[in-house]
Novice: 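Got a structure for you, written out below as structure tokens; questions coming shortly.
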Amino acid sequence: MIDFPAFYDALGIMATSAGSWGWIVPGLIVGLVFSAVPGVSITMAMAIVLPMSLYMDFFSAIVFLTSVYTGAGFGGSVPAILMNIPGSPSSYATTFDGYAMSKKGQHNEALGYALFASTICGILGYVLLLFVVEPLAGIVLKIGPVEMFAVAIWGMLLLGSLGSKYVTRGLLAAAFGVLLGTVGMNTAGFIRGTMGLPVLLDGISPIPAMIGLLAAGQLLTLAGKDYILDAEEARSVSVKKILAGCWGTMKYPGVLIRGSIIGIIIGAVPGVGSSVGNLIAYAETKRTSKDSASFGKGNPKGVIAAESAVASAEGGSMATMLALGIPGGGATAILLAAFMMHNIVPGPSFIETQKPMVYAIILNNIVQAIVLLVVGIGFIYVASNVVKVRTRYILPAILVIATLGTYAVDGSPSGPITLFIFSLIGFALVRYEYPVAAVVVGILLGRMLETEFLRSYQLSAGNPLYILQRPGAMAIVGIMLLSLAMTAWGKRKQAKQEAEEEAAMQALHREELATAGKH
Amino acid sequence: MKQFTRREALKLTAAGGLVAGGSLAMPGIVRAASYPTRPINVIVPFATGGYNDRLSRAFAPYLEKELGQPLVIINKPGAGTQLGHTYALQQPNDGYTILCTSASPYIPLTVLLQQAPYKNEDFWMINLPSRDYTLAATSSDSSIKDFKQVIDMLKKDPSSLSIGVQPASADYANMVLTMQAVGIDPTKLRVVTYDGGGPARNATAGAQVDVGFVGGEGFIPLKTKIKPLAIYAAETVSWFPEAPLISASGIKTDMVEGSQRGWAVSAKLKAEAPDVYKTIENAVSKASQDPKAVEALKLQDLATTWYGPEASNKAFLDNAAKMARYVDLLKS
């Protein structure tokens with residue numbers, strides 16, 4: 001719970017280090033711009049600015065870096081919504097409904113939804129953090145391989161159902177993705193599928209692979225058009241509509257809260273990060289929604305769910321880092337380095353002795369989320385103008401930027417080469433009607449699935465009853481099975497007794513969509 | 001990372017210009033006639049934020065002062081350091097490339113297990129100040145009291161405790177050597193593998209595994225969450241004095257040193273341009289013993305002890321030979 005004297009001291013730190021406030025806006029802009037470039041991840045953006053922060057004093061450096069983190073958490077959703085190309089893996093789920101909304105001419109609203117979900121859940125994540133930073137850290141350490149494996153399966157299961165014409169091709173594509181995800185040296189030290197190339201020892205770099213797969217199909221589609229949006233009147237950029245989207249977010253508190261909880265917990269688990277959280281939050285929201293059929297076709301709830309998980313994961317990840325000195329993901333690993341470069345070692349003793357500083361960092365992040373709202377609207381306004389540019393100018397620009405971005409990931413040609421090879425694979429998949437989404441999910445989750453399964457097997461010595469000693473894992477599996485059973489039961493009911501009613505509901509949705517989609 | 005190094009280079013050039021200007025005015029700085037005349041690259045075969053990255057950045061200002069030229073830190077992570085080490089050896093032997101790396105265990109490991117295109121002898125150690133050792137530890141709320149108890153339990157039933165360790169690491173070799181020394185069949189153990197020291201430490205602190213064998217230094221921030229059982233060092237370790245030595249448990253076992261980190265160049269540089277090499281060696285030596293550097297690095301828990309090239313190369317090659325001897329253990 002909140003330690004009030006420390007809290008007042010934290011306010012004091014915030015007030016006395018006024019100079020550090022000046023770093024919020026530049027940090028947010030750096031984060032927004034870098035993460036909006038396809039191929040540059042949040043981690044990458046922070047790695048670029050880390051050396052600069054060495055020249056600042058401690059609190060300013062942390063404010064600057066966490067601002068980049070906050071900005072980057074949202075920036076990726078801009079290309080995801082406008083062009084169906086996620087800036088980073090954590091905004092992958094945003095493409096599903098975000099781009100669908102754009103196609104309907106609702107890009108302003110979609111970006112508004114994403115921004116507000118990002119802001120609110122960013123704040124929500126940190127407010128929760130203020131209360132539970134210590135207990136959360138204790139729980140995180142207790143999450144073991146069995147629990148993690150259950151989470152990975154969850155991600156796989158619910159995403160496998162993402163619209164595909166043929167079930168068999170969907171399964172095949174997912175299996176292909178998982179296989180690609182396991183290339184490299186596994187956790188037990190075995191090397192698979194590297195074709196003797198040392199760069200593949202760490203696995204296929206997920207960012208260039210993902211962008212290659214998604215961009216190939218998308219860019220070809222766009223190449224056939226004059227503009228990203230067909231209808232001329234839809235190519236507007238309107239602050240009013242953006243704000244309408246922002247405001248609309250408030251209508252879905254349930255989606256926001258669920259997304260935040262999933263985001264915080266998954267973000268807090270070391271080594272997972274927000275790229276899994278957004279998938280699970282999206283899939284869960286879709287599954288539990290009454291109008292699940294409209295997901296993927298431009299349902300704002302899809303955008304909100306995905307973005308809320310990404311934004312709140314930041315708070316979760318920070319909790320683990322502050323309380324245990326363990327980075328939850330790449331971005332917090334950079335933050336951790338920044339702390340250490342200023343001679344501060346986060347961890348249990350840091351939280352005990354420096355509580356005001358911990359609170360000040362958390363409070364500052366809340367301020368950042370609020371500032372993001374303003375800076376974000378400006379950024380969206382500028383970025384949205386891309387819909388007014390002819391695709392013949394956009395496409396070459398995207399290709400060049402994506403190639404440079406993937407080159408930047410580790411400063412070697414392996415990035416662009418991966419991008420190129422996966423563009424070809426992506427093209428072939430689209431051409432033969434295999435769902436690209438399933439391959440991407442496989443790549444993102446494949447390694448986690450294998451690693452955690454292997455560790456569970458090693459830990460249990462192959463005894464499946466081991467799960468009985470892990471109440472956490474049983475709970476996750478239980479909820480998962482329950483949700484599956486409910487979905488199956490729902491479908492049966494739908495087929496048998498309520499066929500008519502369902503049909504009526506579907507018709508209603510179609511009508512709604514048709515009205516909404518009318519230009 | 002190109003962008004990153006450019007920015008860094010710009011910043012450092014600005015700062016370095018001053019240093020360079022200052023150093024010209026200062027006599028008594030040992031320099032070869034025409035070296036160095038431009039910024040020097042420091043290759044770190046790890047991503048930003050790791051130990052070597054922090055070491056290089058913290059040490060750079062002091063080394064810059066001695067060399068009279070700015071240093072540009074270049075991170076080349078990937079393939080268990082093989083990419084960065086290969087890259088460093090591919091650079092011209094003109095003294096404008098220095099390595100800041102975890103020579104042990106990574107150079108021998110990539111040579112032994114990944115058929116890296118270099119040999120241990122292709123590298124020349126200037127100084128390896130940071131030494132890390134395998135620590136056997138358990139969660140702080142575990143019922144295990146000491147290392148002897150672990151061995152007794154495993155002797156009775158090798159699967160009674162789960163063991164967390166990184167495969168193909170010095171820690172793994174140490175763990176297996178210990179088991180062999182006390183007559184436990186390592187293949188019967190319940191070993192859980194982790195692809196990195198960090199995850200293995202988290203699993204240990206969170207009691208996911210009963211005992212973890214991991215590099216001890218990384219445990220420092222988590223000190224309150226673990227109980228050290230045995231450290232694989234010959235004498236008490238300054239940064240973890242409360243960790244009992246493995247010899248204290250009464251077990252006689254051979255051991256491999258966990259990590260030897262610090263400064264290196266290609267062996268060719270020393271052979272082909274001895275003057276240039278000597279300049280670098282002197283600069284590292286002076287900077288390592290600069291009281292200001294020692295103080296600044298100590299605050300960040302970074303090592304500066306000056307062992308010198310002779311001792312460093314001996315330690316590195318001895319340990320590499322040991323790893324080669326136990327290569328079958330590393331292969332797991």
Side-chain angles (χ1 to χ4, degrees), chain A residues 43-44 46-52 54-55 138 140-145 185-191 196-202 270-271 324-327 330 333-338 340-343 345-350 404 407-412 414 451 454-455 458-461, chain B residues 1-5 7-8 11 47-50 53-54 57-58 73-80 82-83 86-87 110 113-116 139 159 162 166-168 172 190-196 198-199 201-203 205-209 220-225 296 299-301 330-332:
Chain A
T43 315
M44 176 77 205
M46 292 182 65
I48 290 171
V49 296
L50 174 67
M52 285 180 215
L54 279 181
Y55 300 93
V140 160
L141 275 185
K142 298 284 168 211
I143 298 176
M185 190 187 278
N186 79 348
T187 181
F190 293 97
I191 299 171
L197 301 172
V199 283
L200 285 178
L201 279 174
D202 303 324
L324 296 172
I326 295 169
I334 305 275
L335 266 178
L336 191 65
M340 294 175 109
M341 285 170 171
H342 285 95
N343 308 333
V345 182
S349 59
F350 173 66
L404 286 178
Y407 179 76
V409 170
D410 46 30
S412 79
S414 64
T451 304
L454 185 60
R455 282 184 200 150
Q458 291 168 331
L459 201 54
S460 63
Chain B
M1 286 280 161
K2 209 74 200 164
Q3 242 164 333
F4 159 74
T5 54
R7 276 150 192 270
E8 173 76 335
K11 265 190 117 54
T48 24
D53 182 58
R54 290 197 294 119
R57 287 177 201 281
I73 315 287
I74 298 179
N75 299 81
K76 282 267 170 205
Q82 187 181 325
L83 299 182
T86 312
Y87 177 83
T110 47
L113 301 180
Q114 290 173 199
Q115 288 84 45
S139 161
S159 67
S162 57
Q166 187 181 356
Y172 190 88
R190 203 145 49 92
V191 173
V192 185
T193 50
Y194 289 87
D195 38 2
R201 280 183 205 105
N202 300 348
Q208 300 304 327
V209 291
I220 292 175
L222 282 169
K223 246 181 188 176
T224 56
K225 302 264 174 197
L299 279 171
Q300 293 196 36
D301 283 327
L330 293 171
K331 275 180 183 153
S332 71

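A note on names: the letters A, B, ... follow the listed sequences, proteins ahead of strands, and every chain is numbered from 1. Computed from a predicted model, the values in this text were never measured in an experiment.
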Novice: If I measure from the heavy atoms of chain A, does B/Ala203 come under 4.5 Å with its side chain, its backbone, both, or neither?
Specialist: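 For B/Ala203, no heavy atom lies under 4.5 Å from chain A.
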
Novice: Where does B/Ser159 contact chain A at under 4.5 Å (heavy atoms): side chain, backbone, both or neither?
Specialist: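 For B/Ser159, there is no contact with chain A at all, as no heavy atom is under 4.5 Å.
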
Novice: Given that the side chain runs from C-beta out, which part of B/Leu83 has a heavy atom under 4.5 Å from chain A: side chain, backbone, both or neither?
Specialist: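 Side chain only.
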
Novice: Select one option (side chain, backbone, both, neither) describing which atoms of B/Val192 are under 4.5 Å from chain A's heavy atoms.
Specialist: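 Contact with chain A involves both backbone and side-chain atoms of B/Val192.
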
Novice: Against chain B, label A/Met185 side chain, backbone, both or neither, depending on which of its atoms sit under 4.5 Å from a heavy atom there.
Specialist: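 Just the side chain, heavy atoms under 4.5 Å.
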
Novice: Is it the backbone or the side chain of B/Gln114 that comes under 4.5 Å from a heavy atom of chain A, or both, or neither?
Specialist: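 The side chain, not the backbone.
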
Novice: Can you name the nearest heavy-atom pair linking A/Ala188 to B/Thr193, along with the distance?
Specialist: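 Looks like CA-OG1, 3.5 Å.
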
Novice: Among A/Thr187, A/Asn186, A/Leu459, A/Ile143, single out the residue with the greatest number of heavy-atom pairs under 4.5 Å to chain B.
Specialist: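 Greatest number of close heavy-atom pairs with chain B: A/Thr187.
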
Novice: Does the side chain of B/Gln208 come within less than 4.5 Å of A/Arg455's, by heavy atoms?
Specialist: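 No, every pair of side-chain atoms sits at 4.5 Å or beyond.
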
